[in-house]
Amino acid sequence: MVILRRPLDAPELPEDELEALQERHLAYRAELGRRGVLVANGPFLEQSDPSFRGMSIFRCDPGEAARLSAEDPSVLAGRLAFEVMQWWVGADSLAFPGAEGTVGERHSVGDL
């Protein structure tokens, strides 16, 4: 799982540049979805910390999720930063109907 955040030192950009950057960001994320590596993605609309911008569920290991997130145009431009983490939920408690095959790995409580 990747959490996208707005860094405190995010550069200010003119509105037209922000719109173009947002289009590239969305196109990049859509391409990751088409490739099957990104199974869920979207912005946060209401949250207690306005620096939180969105969340993505990847279908790969954390290192690959970090590499792919680092290549996001908005991250490269300094407008977004990211944090990668593994998120454990109960087996069969989530479904990603758009993803082919399973998402994640099964672990026992003893693995915690």
Side-chain angles (χ1 to χ4, degrees):
M1 178 172 72
V2 171
I3 302 291
L4 295 172
R5 298 183 74 123
R6 175 72 33 84
L8 292 174
D9 61 349
E12 294 296 323
L13 298 173
E15 191 64 33
D16 61 330
E17 288 182 37
L18 283 174
E19 287 180 22
L21 182 59
Q22 181 68 3
E23 287 179 20
R24 291 193 309 275
H25 163 73
L26 294 175
Y28 179 75
R29 295 282 167 169
E31 176 58 24
L32 294 178
R34 281 190 288 282
R35 290 175 27 200
V37 70
L38 185 62
V39 298
N41 183 63
F44 295 130
L45 300 179
E46 294 184 31
Q47 66 277 2
S48 60
D49 182 341
S51 74
F52 288 111
R53 305 308 296 161
M55 184 174 86
S56 302
I57 305 293
F58 282 84
R59 187 176 174 198
C60 58
D61 65 61
E64 180 70 357
R67 186 187 71 74
L68 293 168
S69 295
E71 295 175 1
D72 185 300
S74 290
V75 172
L76 291 171
R79 291 288 297 174
L80 291 176
F82 63 90
E83 300 189 30
V84 179
M85 59 199 76
Q86 288 185 318
W87 180 39
W88 289 24
V89 297
D92 301 321
S93 64
L94 292 174
F96 299 98
E100 294 183 22
T102 60
V103 176
E105 300 173 8
R106 290 187 181 257
H107 296 274
S108 69
V109 173
D111 293 338
L112 296 176

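Since we're looking at a predicted model, the values are computed, not measured.
- Applying the side-chain contact (heavy atoms from CB on, under 4.5 Å) rule to Leu13 yields the partners Glu17, Leu18, Leu21, Arg79; only residues at least two apart in sequence or on another chain are considered.
- Using a 4.5 Å cut-off between side-chain heavy atoms of Ile, Leu, Val, Met, Phe, Trp and Tyr, with links allowed through other members, Leu80 and Leu8 fall into different hydrophobic clusters.
- Taking the side chain as every heavy atom from C-beta outward, Val2 and Glu83 never approach each other to under 4.5 Å.
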Can you list, pair by pair, the side-chain donor-acceptor contacts under 3.5 Å of residues 33-42, counting residues two or more places apart and other chains?
{"from": "Arg34", "atom 1": "NE", "to": "Glu31", "atom 2": "OE1", "distance (Å)": "3.2"}
{"from": "Arg34", "atom 1": "NH2", "to": "Glu31", "atom 2": "OE1", "distance (Å)": "3.3"}
{"from": "Asn41", "atom 1": "OD1", "to": "Ser56", "atom 2": "OG", "distance (Å)": "2.5"}

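- Listed by chain and residue number, Arg5 satisfy the salt bridge (Lys or Arg N to Asp or Glu O under 4.0 Å) test with Asp49 (two or more places apart in sequence, or in another chain).
- The minimum heavy-atom distance between Arg53 and Pro50, with the atom names listed, is NH1-O, 3.4 Å.
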Listing, residues 64-78 side-chain donor-acceptor contacts under 3.5 Å, not counting sequence neighbours, or none:
{"from": "Glu64", "atom 1": "OE1", "to": "Arg67", "atom 2": "NE", "distance (Å)": "3.1"}
{"from": "Glu64", "atom 1": "OE2", "to": "Arg67", "atom 2": "NH2", "distance (Å)": "2.8"}
{"from": "Arg67", "atom 1": "NH1", "to": "Glu71", "atom 2": "OE2", "distance (Å)": "2.8"}
{"from": "Ser69", "atom 1": "OG", "to": "Ala65", "atom 2": "O", "distance (Å)": "2.8"}
{"from": "Asp72", "atom 1": "OD1", "to": "His25", "atom 2": "ND1", "distance (Å)": "3.0"}
{"from": "Asp72", "atom 1": "OD1", "to": "Ser74", "atom 2": "N", "distance (Å)": "2.7"}
{"from": "Asp72", "atom 1": "OD2", "to": "His25", "atom 2": "ND1", "distance (Å)": "2.8"}
{"from": "Asp72", "atom 1": "OD2", "to": "Arg29", "atom 2": "NE", "distance (Å)": "2.9"}
{"from": "Asp72", "atom 1": "OD2", "to": "Arg29", "atom 2": "NH2", "distance (Å)": "3.3"}

